[in-house]
Amino acid sequence: YFENLHLMLFYPYFFCSRTERLAKDIMQDIGDNDIVVLCVLKGGYKFCADLVEHIKNLSRNSERFISMKVDFVRLKSYHNDQSMQDMQIMGGDDLSKLTGKVSFLCFLLILFFMFCKDIVGTGRTMKVLLNNIEKYKPKMIKVASLLVKRTSRPDGYRPDYYGFEIPDLFVVGYALDYNEHFRDLNHICVINDHGKAKYRV
């Protein structure tokens, strides 16, 4: 993949330590509530697994035990590096179990508003997903994301918990992909134009 990457943004150490910090913040905020973790596939699975593991470790070593259930949904809103008008939500075995619970959405990446005319800002993506979840009347909804893109839009969506802000670049690695390539990278990197052309569909 080396010739297909522009630069490396984060080594594993940085996002592992930051994920542990996010887990501590979440533990402080949720009190004695049990939680349902809704992992957004496919790009969120590594971040979700690491975050859940940190919360479990903190729970085991504290005076209060936090019960967690994990479910999965998949969002499909990209073709190559362009956001599509129509977003598909797939999965979630039985979202009715969110009723009355504290729900955490785990994203690896939340893409904010980008201004190229063919790209739709995924503040829309988040609103569609959250509207679907709110139908089940969870007690509380919190969104955790490792990365957020900087936006100048005042109405850009901001997650409740996030690790790092990054520039408006298309990133891969740590389960983030470009047409199913690069998920296996341990680092978070920026794909270059050669990589986009090579793996375009």
More than 12 foreign heavy atoms under 6.0 Å from CZ of F164: is that the case here?
yes

Answer with yes or no whether the hydrophobic clustering places F14 together with L146; edges join I, L, V, M, F, W, Y residues whose side-chain heavy atoms lie under 4.5 Å apart.
yes

F65 and V52: same hydrophobic cluster, using ILVMFWY side-chain contacts below 4.5 Å?
no

Are any side-chain N or O atoms of R18 and backbone N or O atoms of G163, one a donor and one an acceptor, separated by less than 3.5 Å?
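It does hold such a pair.
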
Check whether D160 reaches the backbone of V143 with its side chain - one donor and one acceptor, N or O, closer than 3.5 Å.
yes

Aromatic ring proximity, centroids under 6.0 angstrom, Y199 and F182
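Close enough - the centres of the two rings lie under 6.0 Å apart.
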
Identify, with sequence neighbours excluded, every residue that meets side-chain hydrogen bond (donor to acceptor under 3.5 Å, both in side chains) alongside H194.
N4

Check [X] against [Y] and note the closest heavy-atom contact, atom names and distance.
X: V70; Y: F72; result: CG1-CZ, 3.8 Å
X: C48; Y: V37; result: SG-CG1, 3.7 Å
X: Y45; Y: C39; result: CA-SG, 3.7 Å
X: H54; Y: A23; result: CB-CB, 3.5 Å
X: A144; Y: F47; result: O-CE2, 3.7 Å
X: I66; Y: S59; result: N-OG, 2.8 Å

For a quick check under 3.5 Å, do Y174 and D184 share a side-chain donor-acceptor pair by atom type?
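Distance-only check fails for Y174 and D184.
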
Nearest 0.5 Å please: distance from the [atom1] atom of [X] over to the [atom2] atom of [Y].
X: H187; Y: L9; atom1: NE2; atom2: CG; value: 11.5 Å
X: F170; Y: C189; atom1: CZ; atom2: SG; value: 13.0 Å
X: I188; Y: L169; atom1: CD1; atom2: CG; value: 12.5 Å
X: S145; Y: Y162; atom1: OG; atom2: OH; value: 10.0 Å
X: K142; Y: D25; atom1: NZ; atom2: CG; value: 11.5 Å
X: M68; Y: I30; atom1: CE; atom2: CD1; value: 8.0 Å

4.5 Å side-chain heavy-atom contact, [X] and [Y]:
X: L22; Y: L51; answer: yes
X: V172; Y: V190; answer: no
X: M27; Y: S62; answer: yes
X: I191; Y: V171; answer: no

Take N186 and Y11, measure what side-chain hydrogen bond (donor to acceptor under 3.5 Å, both in side chains) needs, and give me the verdict at the end.
CA-CA 8 Å; N186 291 323; Y11 291 94; over 6 Å; no

Salt-bridge criterion met for K46 and D50 (N-O under 4.0 Å)
no

Evaluate I166 against V148 for side chain to side chain contact (heavy atoms under 4.5 Å, CB included), listing each step before the verdict.
CA-CA 6 Å; I166 62 171; V148 295; over 6 Å; no

Could you walk me through whether E180 and K42 pass side chain to side chain contact (heavy atoms under 4.5 Å, CB included), step by step?
CA-CA 9 Å; E180 299 300 326; K42 298 181 183 175; 3.3 Å; yes

